[in-house]
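Side chains are part of it too, since the values below use all heavy atoms of this structure and drop only hydrogens, waters and symmetry mates. Computed from a predicted model, the values in this text were never measured in an experiment. Proteins come first, then strands; the chains are lettered A, B, ... in the order of their sequence lines, and each starts at number 1.
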Amino acid sequence: MPRRLPDTPDVDTPTRGPARVERIVARVRSIPEGFVRTYGDIDPGAPRLVGHVLATTDLDLPWHRVVRADGSAPVGRRQLDLLRREGVPMRAGRVDLSVARLPG
DNA sequence: GGTCTGACGGACA
DNA sequence: ATGTCCGCCAGAC
């Protein structure tokens, strides 16, 4: 008898290990100026991992284009300024996701 | 091996 | 709106 069953295959077959981090980096990198993506959009299976990556990486990424699911900015005013400068629409101090959120 | 912690998200009170 | 709880994954001890 196997000591454990194989992971349930799902539609998404998330990558595991360092490859997953690479995928996150790639997705952040691909956010065009003037748009944002949420942590959950970048990695639905592990949004916190996205934060972990952004907080520890030394790569030059458009980190300011990653916001929370409600459009608020985890890093604060500095981040909002950067976004405003790119013309990202705001509403009540948060990003207006209905307009700025990148599809997919 | 185990335990904790992130720039989170969703459910629920 | 505000706060709690739990799940998620990789990395650092």
Count the heavy atoms of every other residue, nucleotide or ligand shown that sit under 6.0 Å from CZ of A/Arg84, and state whether that count exceeds 12. yes
Given B/dA7, C/dA10, B/dG9, which nucleotide is nearest the side-chain atoms of A/Trp63? B/dA7
Could you state the atom-to-atom distance from [atom1] of [X] to [atom2] of [N] in whole Å?
| X | N | atom1 | atom2 | value |
| --- | --- | --- | --- | --- |
| A/Ile42 | C/dC9 | CD1 | P | 17 Å |
| A/Leu80 | B/dA7 | CG | C1' | 13 Å |
| A/His52 | C/dA12 | NE2 | P | 7 Å |
| A/Leu49 | C/dG11 | CG | P | 8 Å |
| A/Gln79 | B/dC8 | CD | P | 10 Å |
| A/Tyr39 | C/dG7 | OH | P | 23 Å |
| A/Ile24 | B/dC8 | CD1 | P | 13 Å |
| A/Arg68 | C/dT2 | CZ | P | 13 Å |

Can a side-chain donor-acceptor contact be found between A/Ser30 and A/Arg37 if the only test is distance below 3.5 angstrom? yes
Is A/Gly17 touching bases, backbone alone, or none of the nucleic acid, heavy atoms closer than 4.0 Å? sugar-phosphate
Please measure how far the C1' atom in B/dA7 lies from the corresponding atom in C/dC13, and state the result in whole Å. 22 Å
Atom CG of A/Asp60 and atom CZ of A/Arg29: how far apart are they, to the nearest 0.5 Å? 8.5 Å
For A/Glu33 and A/Glu86, which heavy atoms make the closest approach, and how far apart are they? CG-CD, 3.5 Å
For DNA chain C, whose closest nucleotide is more 5', that of A/Pro18 or that of A/Arg48? A/Arg48
